[in-house]
Amino acid sequence: MTAIEHKPCYGTMFPDPLHATNDRINAGKVFSFVVVSPPGLCRAARQVEVNRDEWNDCTRCPEFDHCYKLCMAKLALENAVTQV
């Protein structure tokens, strides 16, 4: 079986939430987030950003459909792992 060559950005639309760091940008190719550590007992503020230029680049890519599916599957698994 031969390996399929993908672009270096394949599967990286979202940042890795399992290894996120508070108070700094956690970025994927398209989406990023920041979790701001509050003082005291307040709930952490969250900010989500979308890089529309990178999104447009992704949607023009011939690998978009299966890359997006891979990104969503990874995100679902990462979410399940954090619930354990």
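From a predicted model like this one, the values you see are computed outputs, not experimental measurements. Sequence positions, counted from 1, serve as the residue numbers for this chain.
In terms of heavy atoms, P15 sits closest to A27 at CB-C, 3.6 Å.
Other members of the hydrophobic cluster containing F33, listed by chain and number, are V35, V48; membership follows side-chain contacts under 4.5 Å among ILVMFWY residues, whether direct or relayed. Hydrophobic cluster of V34: the remaining members, joined at side-chain heavy-atom separations below 4.5 Å, are I25, V36, listed by chain and number.
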In residues 70-84, what donor-acceptor pairs under 3.5 Å come from side-chain atoms, sequence neighbours left out?
from: K74; atom 1: NZ; to: G11; atom 2: O; distance (Å): 2.7
from: T82; atom 1: OG1; to: N79; atom 2: O; distance (Å): 2.7

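Counting only distance, with no hydrogens or angles, the side chain of R52 and the backbone of V50 share no donor-acceptor pair below 3.5 Å.
A perpendicular orientation is assigned to the rings of W55 and F64, their planes being inclined by more than 60° (bins at 30° and 60°).
Residues in residues 20-39 take part in these salt bridge (charged side-chain N to carboxylate O under 4.0 Å, His left out) pairs, two or more places apart or across chains: K29-E54, K29-D57.
Annotation: side chain to side chain contact (heavy atoms under 4.5 Å, CB included) contacts of E63 (sequence neighbours excluded): H6, K7, Y10, C61, H66. For D16, the salt bridge (Lys or Arg N to Asp or Glu O under 4.0 Å) criterion is met by no residue, not counting sequence neighbours.
Residue N26 holds its CG atom at 11.5 Å from CD of Q47, rounded to the nearest 0.5 Å.
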